[in-house]
Amino acid sequence: MADKPFLTDIKTLRERARQHIENGAVTEGYSADRETVIKLFNEALATEIVCVLRYKRHYFMASGINAEGAAAEFLEHANDEQGHADQIAQRIVQLQGEPNFNPEGLLMRSHAEYVEGTSLTEMIKEDLVAERIAIDSYREMIRYFGNDDPTSRHMMEGILAVEEEHADDLVTLLVHMH
Ligand SMILES: [Fe+2]
Ligand SMILES: [Fe+2]
């Protein structure tokens, strides 16, 4: 008959909150491995930046060959990925880490690849592959966060849902190519 309280008592909670206040959102109860979380987030940040660059390239190239529908989709995705990069960088700082924006090694840190593609079909296929890579790696991150970092998990769940929409948009584009 172990006496296991459901919540930490108020006195302890209040005392703990007063310690290391410079850590801001990172409290004593943060049970994830912060270093690993920041490393994972920096890889996700690199992935998002590489995706912004690839989508921008595809946007301008598609506009050049009068593929306005695809171009509009590429631009929308580029902007979404930029938003994701910002969210991730913000979270890294909240966790008392530093977002890595160094162009050196960017492709090594990124999970997704940067493929320019020579035809519109190739561009769409490469974007779809990159989305599918992001989807699988983000799903793994979400599983890793579990209940140790619900805020990071929740954020990545939101981003994952958008990547799934992107993949779906791209499949639709691809189908209409044939
Ligand atoms: Fe993204
Ligand atoms: Fe995406």
Side-chain angles (χ1 to χ4, degrees), residues 2 4-9 12-13 15-56 74 76-115 124-171:
K4 192 179 172 214
F6 178 63
L7 289 169
T8 307
D9 67 277
T12 309
L13 266 183
E15 274 169 13
R16 279 200 329 206
R18 285 186 182 278
Q19 291 156 8
H20 308 293
I21 54 169
E22 69 281 4
N23 289 341
V26 183
T27 60
E28 197 122 331
Y30 185 80
S31 57
D33 176 4
R34 216 171 43 87
E35 300 287 306
T36 305
V37 170
I38 289 166
K39 183 182 168 286
L40 290 174
F41 270 141
N42 267 316
E43 289 172 10
L45 176 62
T47 299
E48 294 293 348
I49 296 169
V50 166
C51 289
V52 172
L53 297 173
R54 199 193 53 255
Y55 272 127
K56 282 280 178 145
F74 293 154
E76 198 184 299
H77 289 195
N79 292 335
D80 287 343
E81 313 303 15
Q82 183 62 63
H84 296 162
D86 293 345
Q87 272 182 279
I88 293 166
Q90 179 76 61
R91 182 63 184 155
I92 291 172
V93 171
Q94 261 183 14
L95 292 172
Q96 312 292 313
E98 292 179 13
N100 191 348
F101 281 95
N102 195 336
E104 201 175 284
L106 182 67
L107 257 182
M108 298 292 290
R109 295 193 300 278
S110 165
H111 297 151
E113 297 162 289
Y114 179 90
V115 182
I124 299 169
K125 274 188 186 161
E126 285 303 328
D127 291 332
L128 180 54
V129 168
E131 293 291 352
R132 287 166 57 83
I133 292 170
I135 287 168
D136 266 351
S137 76
Y138 292 172
R139 203 186 280 120
E140 271 186 47
M141 280 176 78
I142 289 163
R143 231 179 269 134
Y144 175 80
F145 293 143
N147 290 324
D148 293 323
D149 186 340
T151 307
S152 293
R153 189 192 67 223
H154 181 69
M155 186 185 84
M156 290 311 290
E157 281 169 351
I159 293 177
L160 172 64
V162 176
E163 310 304 7
E164 289 180 358
E165 273 174 37
H166 287 171
D168 192 49
D169 292 345
L170 292 165
V171 166

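No hydrogens, no waters, no symmetry mates; every other heavy atom, side chains included, goes into these values. All values derive from a computational prediction rather than experimental measurement.
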Taking only residues two or more places apart in sequence or in another chain, which ones pass side-chain contact (heavy atoms from CB on, under 4.5 Å) with [X]?
X: Thr27; result: none
X: Arg139; result: Ile135, Asp136, Arg143, Leu160, Glu164
X: Glu43; result: Lys39, Leu40, His111
X: Ala78; result: Tyr55, Lys56

**Q.** Within-4.5 Å side-chain heavy-atom neighbours: Phe74 and Asp169
**A.** no

side-chain hydrogen bond (donor to acceptor under 3.5 Å, both in side chains) partners for [X], two or more places apart:
X: Asn23; result: none
X: Tyr30; result: Asp149
X: Asp86; result: Gln82

Heavy-atom pair of closest approach, residues [X] and [Y]:
X: Ala112; Y: Leu107; result: O-CD2, 4.2 Å
X: Gly97; Y: Ile38; result: CA-CD1, 3.6 Å
X: Asn147; Y: Pro150; result: O-CD, 3.7 Å
X: Leu45; Y: Ile92; result: CD2-CD1, 4.5 Å
X: Ala167; Y: Leu128; result: O-CD1, 3.5 Å

Can you tell me if [X] uses its side chain to pair, donor with acceptor, with the backbone of [Y] under 3.5 Å?
X: Arg54; Y: Val115; value: no
X: Arg109; Y: Glu104; value: yes
X: Asn100; Y: Asn42; value: no

Q) Listed by chain and number, what are the salt bridge (Lys or Arg N to Asp or Glu O under 4.0 Å) partners of Glu157, not counting sequence neighbours? A) Arg153

Q: Only counting residues at least two apart or in another chain, list the ones meeting salt bridge (Lys or Arg N to Asp or Glu O under 4.0 Å) with Glu76.
A: none

(Q) Just by distance, no angles: are the side chains of Gln87 and His84 close enough, under 3.5 Å, to form a donor-acceptor pair? (A) no

**Q.** Pairs touching residues 142-168 that satisfy ring pair (Phe, Tyr, Trp, His ring centres under 6.0 Å), sequence neighbours left out
**A.** Phe41-Phe145, His77-His166

Point-to-point distance, once rounded to the nearest 0.5 Å, from [atom1] of [X] to [atom2] of [Y]:
X: Glu15; Y: Asp9; atom1: CD; atom2: CG; answer: 8.5 Å
X: Thr151; Y: Gln94; atom1: OG1; atom2: CD; answer: 7.5 Å
X: Ile133; Y: Cys51; atom1: CD1; atom2: SG; answer: 8.5 Å

Q) Just wondering, are more than 12 heavy atoms of other shown residues or ligands nearer than 6.0 Å to CD in Gln19? A) yes

Q: Would you indicate whether Asn102, at its atom CG, is surrounded by more than 12 heavy atoms from other residues, nucleotides or ligands within a distance under 6.0 Å?
A: yes

Q. Could you go step by step and tell me if Glu48 and Glu163 meet the side-chain contact (heavy atoms from CB on, under 4.5 Å) rule?
A. CA-CA 10 Å; Glu48 294 293 348; Glu163 310 304 7; 2.9 Å; yes

Q) Tell me the salt bridge (Lys or Arg N to Asp or Glu O under 4.0 Å) pairs involving residues 16-38, sequence neighbours left out? A) none

Q | Chi angles and distances behind the side-chain contact (heavy atoms from CB on, under 4.5 Å) call for Ile88, Ile159 | A | CA-CA 10 Å; Ile88 293 166; Ile159 293 177; 4.0 Å; yes

**Q.** Derivation of the side-chain contact (heavy atoms from CB on, under 4.5 Å) call for Phe101 and Leu106
**A.** CA-CA 8 Å; Phe101 281 95; Leu106 182 67; over 6 Å; no

Q: Applying ring-ring contact (aromatic ring centres under 6.0 Å, His included), name anything that partners Tyr138, two or more places apart in sequence or on another chain.
A: none

